[in-house]
S.K.: 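Please find one structure pasted underneath; my questions will follow.
A, B, ... follow the sequence lines: proteins, then strands. Residue 1 opens every chain. Below, each value reflects all heavy atoms present in this structure, side chains not excepted, and no hydrogens, waters or symmetry copies.
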There are 2 protein chains.
Amino acid sequence: MAGRIAAVSIVDAIAADLRSRVFSGDLGSGEALTETDIATSYEVARPTAKASIEKLVAEGLLDRGTHKTARVVDLGPESVRDIYLARAYLESEVLRRLARTREIPQEAVQANRDIAASKSGTPLDVVEPDMRFHTSLIDAVANERISRMYRSLVGEVRLCMVRVQSLHLLDTELILAEHQKILELIEGGQGEAAAELLDEHLGRARERLVAAMGGTAGPEAEYPSGLVPE
Amino acid sequence: MAGRIAAVSIVDAIAADLRSRVFSGDLGSGEALTETDIATSYEVARPTAKASIEKLVAEGLLDRGTHKTARVVDLGPESVRDIYLARAYLESEVLRRLARTREIPQEAVQANRDIAASKSGTPLDVVEPDMRFHTSLIDAVANERISRMYRSLVGEVRLCMVRVQSLHLLDTELILAEHQKILELIEGGQGEAAAELLDEHLGRARERLVAAMGGTAGPEAEYPSGLVPE
DNA sequence: CATGTGTACTTGTTAGACAATCGTTGGGCG
DNA sequence: CGCCCAACGATTGTCTAACAAGTACACATG
């Protein structure tokens, strides 16, 4: 059974709703979330609202100190680098290990197909399948804790993307081609090459994101030779 | 200032105390922790106790379902494998990246010295510096999220060690020698070799731990040729 | 022996309250 | 006029008390 029935607590339900509102941009960076506001707007008691907030704080989506109002995290360039480098650490090693068995998850192949299909939509439509491509690779190693760690990053990654959704930072064709190449390298048992390509892939996204946020981009932001878009 | 003053909330203080009691073995595997028990024993309100429990649940040290009493996690062989493999994923990649700059953290060197110094003590005395050796390597990459992820594993790793503290699973000399060799390989820029040695190092600990817990150990449990202890 | 029921225990959630703390605003003083 | 300090409001941390809802186990029943 894939999706057993929910049986969510009120706290979880509110946390889930807040989470989606953060991802959708309904709650922007730095926006304040007081316990009483949430309590009244969801018509629950303050401790319930408090617990929801604390859940999101633990996930890294909200930020707050003692006696201070919780706010949606405001990710600066250095946080973006931190997040993407952490991704690279996890994912490149996963690629190496997957290459040893030369197994590629079907979900990753499907995710890449969905990226191709979403080219006609808005830039934001690419985010979901792109994310799914990477998570499916992580999940392929079948390690509960690795997957759990990666999920905690994914939340923040999506947060980055929301902030720059209007900018056309990523060329879909290039994403597609690199994903495809990564899968081929895994299938060919060339883990080292796959890891290197992934580093490039993530490094470029990272530095272009940093630049878009007002930071100074590193050399990784450049397109590979001969693949500059229109 | 390394350790700024605490200013801990009551919830944090109780969580910290429970954590140390779990690590010290005062609270054994599967032991029940009801909210009211904790509330009365620490002389706080039940919501406060509840919050403390939820913190530990989030850390993976306690386990509980809805409407069920929280219990100290009972790590089975499959969990031990999961934990150690997750460690290996993180650490081997960290080693590779450290080898690129050939930098070895002084904390790791010191930790290894402390392991040598603890040989005369109980087997449990080795745990702390051993842990410190590994965490210092992780922290050396200066990535906030990588460090945070690793910390979440460390709690469970220590839990494993508590359960097998009475057994003499690890030969201190071998640990020491392998740690030393890993540092040398990093210094020499041989990241691949360092990662491989680490895999062996962790794999052996992992499988011997599994065997000690009643599982069937894999081939990694064996000592390397020519290094069988007395 | 299997099954259903009931009771005690535990957790989920709420309400209201008070203390401690943070941010800000306004007044007093140089 | 500008700056420092005090008082205030807003917000969070914690508590007490209580009820609802769910679980687990013993018990009685078929």
Side-chain angles (χ1 to χ4, degrees), chain A residues 1 3-22 26-74, chain B residues 1 3-22 26-74:
Chain A
M1 296 296 154
R4 218 175 332 187
I5 49 172
V8 279
S9 70
I10 296 180
V11 172
D12 289 339
I14 295 178
D17 191 63
L18 289 176
R19 188 166 26 233
S20 72
R21 286 175 62 191
V22 171
D26 183 21
L27 297 168
S29 283
E31 193 152 338
L33 288 173
T34 70
E35 297 181 355
T36 48
D37 282 355
I38 294 177
T40 55
S41 70
Y42 285 96
E43 294 181 334
V44 295
R46 190 163 70 92
T48 307
K50 182 190 183 67
S52 303
I53 290 176
E54 274 162 0
K55 251 179 115 72
L56 287 252
V57 168
E59 285 179 31
L61 262 53
L62 299 184
D63 200 8
R64 100 155 140 178
T66 49
H67 286 283
K68 283 197 290 189
T69 303
R71 293 179 176 280
V72 178
V73 288
D74 189 13
Chain B
M1 300 294 156
R4 219 176 329 187
I5 50 173
V8 278
S9 69
I10 297 180
V11 172
D12 288 339
I14 294 177
D17 191 62
L18 288 176
R19 188 168 25 235
S20 72
R21 285 175 63 189
V22 170
D26 183 20
L27 296 168
S29 283
E31 193 151 337
L33 287 173
T34 71
E35 296 181 354
T36 46
D37 282 354
I38 294 177
T40 56
S41 70
Y42 284 96
E43 294 181 335
V44 294
R46 190 164 69 90
T48 307
K50 180 190 184 67
S52 304
I53 290 176
E54 275 161 0
K55 253 179 114 70
L56 287 254
V57 169
E59 285 179 30
L61 263 52
L62 299 184
D63 201 8
R64 97 155 142 180
T66 49
H67 285 283
K68 283 198 289 189
T69 303
R71 292 178 177 282
V72 178
V73 289
D74 189 13

S.K.: May I ask you to evaluate whether B:Arg64 reaches the phosphate of C:dG12, defined as a side-chain N or O under 4.0 Å from OP1 or OP2?
M.R.: yes

S.K.: Which nucleotide in the list C:dT11, C:dT14, D:dG13 gets nearest to the side chain of B:Thr34?
M.R.: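 Comparing C:dT11, C:dT14, D:dG13 against the side chain of B:Thr34, the answer is C:dT11.
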
S.K.: Starting at atom CD1 of B:Ile10, determine the distance to atom P of D:dT16, rounded to an integer number of angstrom.
M.R.: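 In whole Å, D:dT16 P and B:Ile10 CD1 are 10 Å from each other.
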
S.K.: Taking donor-acceptor contacts at under 3.5 Å, does the side chain of A:Arg46 reach the base of D:dG13?
M.R.: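 Answer is yes: a donor-acceptor pair is held.
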
S.K.: Go through C:dT13, C:dT14, C:dT10 for me and flag the one nearest to the A:Ser9 side chain.
M.R.: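 Shortest atom-to-atom distance from the side chain points to C:dT13.
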
S.K.: Between C:dT14, C:dA20, C:dT11, spot the one nearest the side chain of B:His67, thanks.
M.R.: C:dT11

S.K.: What's the closest nucleotide to the side chain of A:Thr48 if the choices are C:dT14, C:dT10, D:dT11?
M.R.: C:dT14

S.K.: Could you check how far CG of A:Asp63 sits from C1' of D:dT12, rounded to whole Å?
M.R.: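 The answer, rounded to whole Å, is 16 Å.
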
S.K.: In whole Å, what is the span from the CD atom of A:Glu43 to the C1' atom of C:dA15?
M.R.: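 These atoms are roughly 15 Å apart.
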
S.K.: At their closest point, which heavy atom of A:Leu62 faces which heavy atom of A:Ala70, and how far apart are they?
M.R.: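 Distance-wise, the nearest heavy atoms are CD1-CB, 4.5 Å.
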
S.K.: Within less than 4.0 Å of OP1 or OP2 of C:dT11, is there a side-chain N or O belonging to B:Lys50?
M.R.: no

S.K.: Using heavy-atom distances to pick each residue's nearest nucleotide on DNA chain C, tell me which of B:Pro47 and B:Glu35 is more 5'.
M.R.: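 With B:Glu35 and B:Pro47 compared, the 5'-side residue is B:Glu35.
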
S.K.: To the nearest angstrom, how far is B:Lys68 atom NZ from C:dT10 atom C1'?
M.R.: 13 Å

S.K.: Quick one: do B:Glu35 and B:Arg64 make a salt bridge, cutoff under 4.0 Å?
M.R.: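 Salt bridge present between B:Glu35 and B:Arg64.
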
S.K.: Is there side-chain contact between A:Thr36 and A:Arg46, with at least one heavy-atom pair below 4.5 Å?
M.R.: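 With C-beta onward as the side chain, the pair touches.
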
S.K.: Let me know the distance between CD1 of A:Ile38 and C1' of D:dT12, rounded to the nearest Å.
M.R.: 13 Å

S.K.: Do A:Tyr42 and A:Thr48 have side chains that get closer than 4.5 Å, going by heavy atoms?
M.R.: no

S.K.: When the distance from CZ of B:Arg71 to P of C:dT11 is rounded to whole Å, what number comes out?
M.R.: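 Answer to the nearest Å: 10 Å.
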
S.K.: Just how far is it from atom NZ of B:Lys55 to atom CD of B:Glu59, taken to the nearest 0.5 Å?
M.R.: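 Interatomic distance, B:Lys55 NZ to B:Glu59 CD, rounded to 0.5 Å: 7.0 Å.
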
